[in-house]
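These values consider heavy atoms only, across backbone and side chains, with no hydrogens, waters or symmetry-generated copies. Letters go in sequence order (proteins before strands), and every chain restarts at 1.
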Amino acid sequence: MNHNDYLSTLNEPQREAVLHGNGPLMIIAGAGSGKTRVLTYRIARLIETGVDPFRILSLTFTNKASGEMRSRIEGAVGTEARNIWMGTFHSVFAKILRIEARYLGYTSDFSIYDTDDSKSLLRSIIKEYNLDDKVYKANVVFNRISGAKNRLISADDYINNAIIQQDDEAAKMKEIGRLYKTYATRCFQANAMDFDDLLFNTNVLFRDFPDVLYKYQHKFQHVMVDEFQDTNVSQYLITRKLSAVHRNIVVVGDDAQSIYAFRGANIENILNFEKDFPDVRVIKLEQNYRSTSTIVNAANSVIARNKSQLEKHTFTSNEEGSLIDVIKAGSDNEEGRLIATAIFEEKMQKALRNEHFAILYRTNAQSRSFEEALRKLGIKYRIVGGQSFYQRKEIKDLLAYLRFTVNQRDEEAFKRIINLPKRGIGDTTVAKIAVTASENNVAIWDVVANINQYGTGRTIAPIEGFGTLIKSFKILVEEGKDAYEISSHIAKASGILRELYEDKTVEGLSRYENVQELLNGIKEFVDSDETEDKSLSAFLQSVSLLTNADEPDDNNDHDRVTMMTIHSAKGLEFRNVFIVGLEEDLFPSQMMLESRQDLEEERRLFYVAITRAEKKLSFSYAESRYQWGRLKMCEPSRFLLEVEQKYLNVNKMVQSALERDTTPPVTTFARNLVQRKTEAKPAVTAATSHVPSADFVPTDTFDLAEGDKVEHLKFGFGVVTKMDVNGTDRKATVKFDLVGEKTLLLSFAKLRVMK
DNA sequence: CGAAAATGCGTTTTT
DNA sequence: CGCATTTTCG
């Protein structure tokens with residue numbers, strides 16, 4: 001593509017950003033202001049003007065974002081784009097650490113501990129120290145350690161820091177420093193890094209080994225950081241060091257969209273940047289091309305309440321668009337039904353596809369009621385995040401085998417697989433092995449591999465069997481077999497596949513399929529011509545850093561309603577967006593209100609959610625919510641009042657309150673639930689058992705006939721007694737169980753037919 | 001040692 | 001309530 005072709009499509013500040021030559025640049029890019037285009041064009045242009053792609057480092061927020069950007073650049077400049085160093089902070093620096101591992105005393109096969117591994121390791125350490133695990137909760141301890149690492153505080157720093165120690169003592173957890181120290185040692189002994197270590201150790205690497213720093217400083221001629229507002233100190237320091245020589249650093253961010261302070265992101269990075277690079281040029285992208293003016297203005301009216309923000313005026317010249325609907329529901333289930341119906345109707349009226357819709361919520365747990373309602377209407381959906389594929393037990397089990405095959409020091413992987421499938425090696429035996437190992441001052445694997453030398457009693461046989469098994473896997477690695485050959489062999493030889501295959505329950509079947517799917521994924525990884533290193537350890541590295549937005553795009557089946565948390569929605573856009581669960585204590589979240597005085601981050605989160613919508617936005621809230629088996633009464637969120645009211649359409653609110661006859665009034669609803677708790681399982685089940693097991697399917701063909709069974713959203717189940725067809729008009733008379741005979745002009749949005 | 005029973009905790013958000 | 005971890009018992 002010729003420069004001028006794309007340059008002519010840009011506005012003035014966008015063009016300036018693309019054409020900016022050398023030296024530091026900060027782009028403050030409002031939501032929907034075309035920042036991805038700017039970044040893409042800028043990189044394409046660098047390559048066209050002769051910069052070697054190998055010398056461009058581009059850090060993005062998700063692997064998906066980087067993949068998309070890479071393919072767009074590829075479209076402009078060709079396959080050269082593949083050579084750009086592009087990815088998340090974690091993946092790029094894991095790659096560098098892998099190359100330079102020996103400087104830090106790791107091998108390049110180091111394991112990456114996910115949060116579960118970390119917490120499980122902490123749990124064992126807490127236990128070993130005989131600390132009360134009700135005081136020292138793995139979760140809390142982990143968060144403390146993680147916070148410290150993100151501020152580049154090592155275990156020793158932590159112990160020697162008077163202020164931190166005071167804090168911990170006040171919280172009655174003065175042992176955290178010791179736990180941190182042991183945790184770090186154990187990770188190191190296991191040849192493992194957790195997520196935070198990937199950044200922490202990169203800092204250590206660059207701090208302690210100037211030669212290595214020198215190499216990368218000179219290598220990367222251009223450094224680009226997307227979503228700069230969400231970087232933490234550790235990340236910022238890395239980029240600052242890397243760009244210290246060439247000083248070609250471009251950061252792109254929007255302080256109004258900073259939503260990761262809880263994991264150490266620091267808006268002050270934006271201010272520090274101006275201090276560290278006094279000659280920085282600042283370009284503001286303020287025109288929104290994404291959303292209607294109603295949406296842009298509503299979003300601005302929300303964020304205007306925040307005190308701390310950079311001066312910026314976002315505007316749009318797009319059409320006004322429709323008002324924001326506010327939908328009130330009696331319960332979380334009704335909220336699900338109302339949204340699902342709204343999607344159905346909007347889809348039909350405007351001839352839209354499923355993929356035009358997104359439902360955004362504050363917490364993953366809210367997805368349930370929407371899933372059920374959408375499924376009932378036969379609307380396809382996908383859930384981003386939540387329990388991801390890679391967190392499933394069977395997947396983690398196989399991955400643990402793979403990890404242990406590559407790295408026998410991986411303590412967490414060992415614990416997972418030593419008795420899986422059951423081979424008669426229980427906790428006591430494992431503890432014995434650990435004791436033997438430390439008595440003889442050797443690694444656990446050494447004991448397992450040579451159990452005959454250390455041998456005790458009758459548990460020798462299974463241990464030896466396990467050792468032989470792993471040894472046979474190791475041989476495959478040494479022979480240089482690729483990741484797929486090795487993993488498919490391990491899946492079979494370990495007995496994991498067999499065990500799942502023999503489990504004939506529904507869950508067992510789906511687990512078996514999941515393992516197969518993982519194997520398919522590995523095959524794809526190996527077969528892809530973009531994969532240079534096809535080894536098992538390369539695969540493991542790539543897989544452990546997948547973001548929850550990186551789930552495999554299912555079989556070309558894109559046309560689905562997307563459901564996800566607002567956090568996951570960052571960087572995405574949808575024609576129609578529903579922001580649901582707008583209730584006080586849920587959004588804004590109670591925890592946020594407790595732990596911090598100000599609501600600013602929650603408000604920014606709301607801002608992010610609003611600005612995902614292109615044409616049409618809806619809010620919803622429920623008056624009651626089923627939580628932990630109890631009914632909780634909810635109040636509308638203060639955020640509903642923080643949006644300038646002239647952008648809201650509250651008609652639907654009244655309407656839905658009037659129509660709310662699918663759900664009993666809240667009082668009876670509550671009573672039913674109470675009854676259900678005390679008396680075994682009464683009447684309520686009668687109503688549910690009425691649901692036929694064969695699935696109802698939605699119809700958009702009106703092909704009703706006498707005798708068909710139908711379900712109407714308001715009136716419940718019924719049978720068609722009479723059909724009147726008059727040209728294109730169809731009238732059905734239906735006898736409903738609940739309300740008797742009704743004549744319907746077919747409003748198919750509310751009617752489903754049983755096949 | 002492993003299966004069954006009892007306990008207990010959780011819902012912020014994610015790399 | 002539902003899942004995960006811990007305790008109990010055969």
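C/dC1 atom P lies 21 Å from atom CD of A/Gln366, rounded to whole Å. Straight-line distance from the CG atom of A/Asn143 to the P atom of B/dT11: 11 Å, rounded to whole Å. Atom OH of A/Tyr607 is separated from atom P of B/dT13 by 24 Å (rounded to the nearest Å). Rounded to whole Å, atom P of B/dT14 lies 14 Å from atom CG of A/Asp116. In this structure, A/Glu602 places its CD atom 13 Å from C1' of B/dT11, rounding to the nearest Å. Here C/dC3 presents its C1' atom at 14 Å from NZ of A/Lys393, a figure rounded to the nearest Å. Between A/Asp427 atom CG and C/dT7 atom P there is a gap of 11 Å when expressed in whole angstrom units. In this structure, A/Arg604 atom CZ and B/dT13 atom P are separated by 18 Å, rounded to whole Å.
Two residues, A/Gly424 and A/Leu605, neighbour DNA chain B, and the one matched to the more 5' nucleotide by heavy-atom proximity is A/Gly424. If you find the closest nucleotide of DNA chain B to A/Arg263 and to A/Lys134, the one lying nearer the 5' end belongs to A/Lys134.
Within the model, atoms CG of A/Leu360 and OG1 of A/Thr562 stand 9.0 Å from one another, a figure rounded to the nearest 0.5 Å. Note: A/Glu583 CD to A/Tyr621 OH = 9.0 Å, rounded to the nearest 0.5 Å.
Within the shown strands, B/dC1 is the pairing partner of C/dG10 under the Watson-Crick or G-U definition, both distances less than 3.5 Å. Across all strands shown, B/dT7 forms a Watson-Crick or G-U wobble pair, both distances under 3.5 Å, with C/dA4. Partner assigned to B/dT13 is none, using Watson-Crick or G-U wobble distances below 3.5 angstrom.
Within the 4.0 Å cut-off from OP1 or OP2 of B/dA3, at least one side-chain nitrogen or oxygen of A/Lys422 is found. Taking side-chain N and O atoms only, A/Asn364 has a distance below 4.0 Å to OP1 or OP2 of B/dT13. Remark: A/Ser589 is not in phosphate contact with B/dT13, judged by side-chain N or O atoms under 4.0 Å from OP1 or OP2.
A donor and an acceptor atom sit less than 3.5 Å apart, one in the side chain of A/Arg362 and one in the base of B/dT13.
For A/Lys137, whose side chain is taken as the heavy atoms from C-beta onward, the closest listed nucleotide among B/dT11, C/dT5, B/dG10 is B/dG10. The side chain of A/Arg123 lies closest to C/dT5 when the candidates are B/dT11, C/dT5, B/dT13.
Backbone-only engagement by A/Asn419 is indicated by non-hydrogen atom pairs under 4.0 Å involving sugar-phosphate atoms exclusively. Using a 4.0 Å heavy-atom cutoff across all strands shown, A/Lys119 reaches no nucleic acid atom at all. At the heavy-atom level, A/Thr115 lies under 4.0 Å from base atoms of the strands shown. Among the protein residues, A/Tyr260 comes within range of the sugar-phosphate backbone only, with heavy atoms under 4.0 Å from sugar or phosphate atoms but none that close to a base.
The closest side-chain donor-acceptor pair between A/Ser111 and A/Asn407 falls under 3.5 angstrom. In the model, A/Thr565 has no side-chain atom that pairs as donor or acceptor with a side-chain atom of A/Asn364 under 3.5 Å. A/Arg98 and A/Tyr106 share no donor-acceptor pair across their side chains, judged by distance under 3.5 Å alone.
Between A/Asp109 and A/Val406, the shortest heavy-atom contact is CB-CG1, 3.6 Å.
Here the separation of B/dT13 from C/dA4, taken at their P atoms, is 16 Å to the nearest Å.
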